[in-house]
Protein chains: 2
Amino acid sequence: MNIIDEAGILAISTRLQRLSDQLRKDGLLIYQACGIDFEPKWFPVIWALTAKPLLSVVEIAEEIGYTHPSTISLLKELEKIRLVRSRKDKADERKRLIALTPKGRELVEKMRPVWHVMARSLAELTDTPNNLLRAVEEVEAKLKERSFLECAKKIWKTGKDDVSL
Amino acid sequence: MNIIDEAGILAISTRLQRLSDQLRKDGLLIYQACGIDFEPKWFPVIWALTAKPLLSVVEIAEEIGYTHPSTISLLKELEKIRLVRSRKDKADERKRLIALTPKGRELVEKMRPVWHVMARSLAELTDTPNNLLRAVEEVEAKLKERSFLECAKKIWKTGKDDVSL
DNA sequence: CAAAGATACGTAGTTGACTACATATTATCA
DNA sequence: TGATAATATGTAGTCAACTACGTATCTTTG
C-alpha cells in the first residue's frame with residue numbers, strides 16, 4: 001500500500017473506508033470474544049432505541065443517518081432474532097412503531113460493559129496528535145457549509161484566472 | 001443523526017464510512033462536470049499503474065491495499081473501456097502483466113489538472129485543527145502495532161482488576 | 001526428480017450500504 | 001369535499017468491497 005500512501009489526500013476516501021471496515025471486523029470479533037451474539041451494523045439502531053424507546057422506521061433512519069430501506073433491512077434482522085418488536089401506530093396507520101423487546105433490553109445491559117471497553121480502546125487508538133473523531137467532526141461540519149463538489153468548482157474557477165495553472 | 005453523534009467514538013466506523021461515501025459520490029460528480037468518463041473507484045489502480053507502469057494483478061492489489069478479487073474486477077472494467085491492457089508474463093506463466101494503454105495514459109494526462117483541483121479542495125476541507133489525513137495515518141500506524149481487538153483484550157484484562165468496573 | 005507446498009489468478013457468492021420505484025395513508029386546499 | 005400533494009413504508013435491484021474456494025504454475029526439498 002505504498003503507492004496509495006503517496007496519493008495522499010486523493011486516496012482519502014479509500015483509506016477512510018478501509019479503516020472503517022477494519023474497525024467493524026474487529027468489533028464483531030470483540031462481541032464474539034465476549035460471547036455476545038451481536039453485529040456491529042446493528043449498533044446504530046439499538047443505540048437509537050436505547051436513547052428513544054419508541055420510534056417509527058423513518059425516525060430511526062433519521063436518527064442514525066441511514067436511508068429508510070437500509071433501516072428496514074436492519075430492523076427485519078433484529079425482529080427475526082427478537083431484539084426489537086413493532087406494531088402499527090393507531091393514530092397514524094402508515095407508521096410502524098419500533099421498540100426493544102425485554103430480550104433486547106437485557107442484551108443492551110449485557111453489552112454496556114463491552115461498549116465501555118470498546119470506547120476506551122477506540123479512545124486510546126485515536127489518542128494521537130490529530131484526533132480522528134474530532135477531525136471527522138470538523139470535516140463533517142465544513143462539508144455542511146460547502147460540499148466537496150462546490151469546493152472543487154470554486155477552486156476550478158479561481159484556478160482558471162491563475163497563471164500557475 | 002443526533003443520536004449517532006452522541007454515541008461518539010463507538011459510532012466512528014459508521015461515520016468514517018459515510019464520509020468516505022460522500023467524498024466518492026462527489027468525486028464522480030467532479031469528473032462528470034469536467035467531462036471525464038472516470039469513476040473514483042478506478043483511481044487506486046490507475047494511480048498505481050502511473051507510478052509503476054508494469055505490474056501483475058497481485059502486485060497491483062498489494063500496492064493499493066485491496067484483495068486480488070476486487071482488483072481483478074476493477075481490471076476487468078478498465079480493460080473493457082480500454083484504459084489498461086494485459087498480457088501473460090513469459091517468464092512466469094501464472095502472472096498477467098498489466099499496463100496502461102495509450103488511451104489510458106492520455107486520460108491520465110487529461111485528469112491531472114482535475115486531480116490537482118481535487119487535492120486542493122480536499123486539502124482545504126481537511127484543513128482543520130485536527131487534520132483528517134494525519135489522523136488517519138496516525139491511527140493506521142497505531143493499529144499496525146496493536147489491533148482494535150488486541151487493544152480491547154488488554155483493556156478488558158486490566159479493567160477486571162479495576163474496582164471502578 | 002517426484003511430491004508437497006507456495007504463489008498467481010479466477011469464479012461464485014456474500015455483505016452492508018445505496019437508489020429508484022411502488023403502494024398506502026394522511027394532510028392540504030381550491 | 002374531492003383532487004392533489006406529502007409522508008411512511010416496502011420491494012427490487014445496484015454497487016464496491018469482501019471471503020471462500022478452485023485451478024494452474026512454479027519452487028522447494030526428501
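Please read these numbers as outputs of a predicted model, since none were measured by experiment.
Partners of B/T71 under the side-chain hydrogen bond (donor to acceptor under 3.5 Å, both in side chains) rule, at least two apart in sequence or in another chain, do not exist in this structure. B/T50 pairs by the side-chain hydrogen bond (donor to acceptor under 3.5 Å, both in side chains) definition with nothing, not counting sequence neighbours.
Here D/dT14 presents its P atom at 13 Å from NZ of B/K41, a figure rounded to the nearest Å. Atom P of nucleotide C/dG16 and atom CD of A/Q17 are separated by 13 Å, given to the nearest angstrom. The separation between B/L16 atom CG and C/dG16 atom P is 17 Å, rounded to whole Å. In this entry the distance linking CD1 of A/I64 with C1' of C/dA17 reads 11 Å, nearest Å. Between the CZ atom of A/R24 and the C1' atom of D/dA17 there is a distance of 10 Å, rounded to whole Å. Atom CZ of A/R96 and atom P of C/dA24 are 16 Å apart (whole Å).
For residues 22-38 of chain B, the salt bridge (Lys or Arg N to Asp or Glu O under 4.0 Å) pairs, not counting sequence neighbours, are B/D21-B/R24. Among residues at least two apart or in separate chains, salt bridge (Lys or Arg N to Asp or Glu O under 4.0 Å) pairs with a member in residues 66-83 of chain B are B/K41-B/E77, B/E79-B/R96.
Taking the side chain of A/P69 as heavy atoms from C-beta on, and the options D/dA12, C/dC9, D/dA16, the nearest nucleotide is D/dA12. The nucleotide whose nearest atom lies closest to any side-chain atom of A/K25 is, among D/dT19, D/dA8, C/dG10, D/dT19.
Annotation: proximity of residues 83-95 of chain B to DNA chain C (heavy atom, distance under 4.0 Å) is found for B/R94, B/K95, numbered in ascending order. Applying a 4.0 Å cut-off to non-hydrogen atoms, the residues of residues 70-79 of chain A that approach DNA chain D are A/I72, A/K76, listed by residue number.
Here A/Y66 does not reach the OP1 or OP2 of C/dC18: none of its side-chain N or O atoms lies under 4.0 Å away.
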